[in-house]
Amino acid sequence: MVGMGFTSQNNNKYLLLNSKKFTVEGSTSIGGFTCDYELQTKDTLFLNKKSALFYKLPVREFGCGNFMLNRDFRKTLKEKEYPEVIIALSDVRLSGGNYLYTLHLNLAGKRKTFQNLVLIKEGRNYKGELELKFSDFNLTAPEKLGGAIKIKEEIQLSILLRA
């Protein structure tokens, strides 16, 4: 059944996904910001197999709530040089009651791999989170009003998979 979570067919476990949402959250000296991108495509995520879900996310399509934040987000991620963020989820497996996975992230021309991340099941949703730093990707957190508004170095990347 589509969207009913993990199921079995020929002893292969998989998850039928209806949508994916990728969110970047950060904070500034005067508050927080959230930028996200959502895909309404159907995918099959296989467990315990050497398979991956691969997504090219256009930086221009991330929504941050207003024109100025959108512009700053694009500039910070060097959208003109690197118009896409590439995300791949692989090696999803059950381990001790949790789902673990590997995240491959290509951001602003720099590739990083993060292993043994946890997917938490919340109803029909599976959520993974990871704290990153701008400096991990040779990016500089922007400043506004001559440095009066500073963006903190740490940002949170969240991946929400909906079954």
Side-chain angles (χ1 to χ4, degrees), residues 1-27 32-67 69-74 76-79 81-134 136-137 139 154-163:
M1 297 171 108
V2 172
M4 294 306 291
F6 287 102
T7 195
S8 180
Q9 179 180 15
N10 299 332
N11 295 325
N12 295 324
K13 295 203 180 236
Y14 57 90
L15 175 63
L16 299 173
L17 302 174
N18 292 316
S19 68
K20 283 73 55 195
K21 185 174 184 179
F22 304 92
T23 304
V24 176
E25 295 177 281
S27 57
F33 67 91
T34 300
C35 301
D36 57 28
Y37 179 81
E38 191 161 356
L39 286 166
Q40 296 294 324
T41 58
K42 296 192 183 306
D43 291 310
T44 303
L45 178 60
F46 290 95
L47 289 175
N48 301 317
K49 295 214 176 241
K50 291 289 183 188
S51 64
L53 292 179
F54 181 80
Y55 302 104
K56 288 184 177 183
L57 313 177
V59 172
R60 179 167 289 288
E61 298 299 320
F62 275 82
C64 302
N66 68 52
F67 171 77
L69 285 174
N70 290 347
R71 184 190 65 210
D72 290 347
F73 183 77
R74 292 174 190 151
T76 299
L77 296 187
K78 302 177 182 178
E79 185 240 350
E81 292 173 72
Y82 308 102
E84 297 173 324
V85 174
I86 300 171
I87 294 178
L89 286 80
S90 67
D91 303 321
V92 180
R93 64 211 177 275
L94 186 61
S95 176
N98 289 317
Y99 294 99
L100 301 179
Y101 69 102
T102 299
L103 176 72
H104 308 274
L105 180 61
N106 187 339
L107 176 65
K110 181 131 178 149
R111 292 185 179 127
K112 289 205 162 270
T113 298
F114 305 92
Q115 297 181 331
N116 297 316
L117 300 177
V118 178
L119 275 178
I120 298 170
K121 186 177 188 313
E122 300 171 345
R124 292 174 49 169
N125 296 327
Y126 298 84
K127 186 173 184 178
E129 295 185 336
L130 175 64
E131 184 174 282
L132 302 169
K133 294 183 179 183
F134 285 105
D136 292 340
F137 295 91
L139 298 173
E154 298 80 21
I155 55 174
Q156 187 81 19
L157 173 64
S158 299
I159 299 170
L160 180 64
L161 308 173
R162 292 188 185 111

Residues passing the ring-ring contact (aromatic ring centres under 6.0 Å, His included) test with F33, sequence neighbours excluded, are none
Y37 versus V59: any side-chain heavy-atom pair under 4.5 Å?
no
Closest non-hydrogen atoms of I155 and G26, given as atom of the first, atom of the second and distance, are CG2-CA, 4.3 Å
Keeping N18 on the side-chain end and R162 on the backbone end, is there a donor-acceptor pair under 3.5 Å?
no
Indicate the ring-plane relationship of Y126 and Y99, choosing parallel, tilted or perpendicular according to the 30° and 60° boundaries.
perpendicular
By side chain to side chain contact (heavy atoms under 4.5 Å, CB included), which residues pair with T76, not counting sequence neighbours?
F134, P142
Do T44 and L17 touch side chain to side chain, with heavy atoms closer than 4.5 Å?
no
Could you walk me through whether F73 and V24 pass the side-chain contact (heavy atoms from CB on, under 4.5 Å) test, one step at a time?
CA-CA 10 Å; F73 183 77; V24 176; 4.2 Å; yes
Which residue, L119, V92, N125, forms the side-chain contact (heavy atoms from CB on, under 4.5 Å) with L161?
L119
Would you say T23 and L160 make side-chain contact, with heavy atoms under 4.5 Å?
no
If I compare all heavy atoms of S95 with all of L100, which pair ends up nearest, and what's the gap?
CB-CD1, 3.5 Å
Carboxylate-amine/guanidinium contact K127 E122, below 4.0 Å:
no
Tightest non-hydrogen contact, residues F62 and N70, listed as O-OD1, 3.9 Å
For a 4.5 angstrom cut-off between non-hydrogen side-chain atoms, does S158 reach E25?
yes
F54 side chain reached by I86 side chain, heavy atoms, under 4.5 Å:
yes
Indicate every side-chain donor-acceptor pair of residues 103-111 with a distance under 3.5 Å to a residue at least two apart or in another chain.
residue	atom	partner	partner atom	Å
H104	ND1	T113	OG1	3.3
H104	NE2	S90	OG	2.9

Return each pair, listed once, that meets salt bridge (charged side-chain N to carboxylate O under 4.0 Å, His left out) where at least one residue sits in residues 86-97; pairs must be two or more places apart or across chains.
K50-D91
CZ of F22 to CD1 of I87, rounded to nearest 0.5 Å, is 5.0 Å
K133 meets the side chain to side chain contact (heavy atoms under 4.5 Å, CB included) criterion, sequence neighbours left out, with S135, D136, E153, E154
Using modelled atom types only, decide if a donor and an acceptor are shared between the side chain of R124 and the backbone of A163 within a distance under 3.5 Å.
yes
Taking the side chain as everything from C-beta on, heavy atoms only, tell me whether F114 gets closer than 4.5 Å to L132.
yes
Supply the atom-to-atom distance R74 CZ to C35 SG, rounded to the nearest 0.5 angstrom.
9.5 Å
Nearest-0.5 Å distance that lies between atom CD in E79 and atom CD in E84:
10.5 Å
How about L117 and L130: do any of their side-chain heavy atoms sit closer than 4.5 Å?
yes
Do you know the tightest heavy-atom contact between D36 and K21?
OD2-CE, 3.2 Å
Of all residues at least two apart in sequence or in a different chain, which pass the side chain to side chain contact (heavy atoms under 4.5 Å, CB included) check with T41?
K20, L39, D43
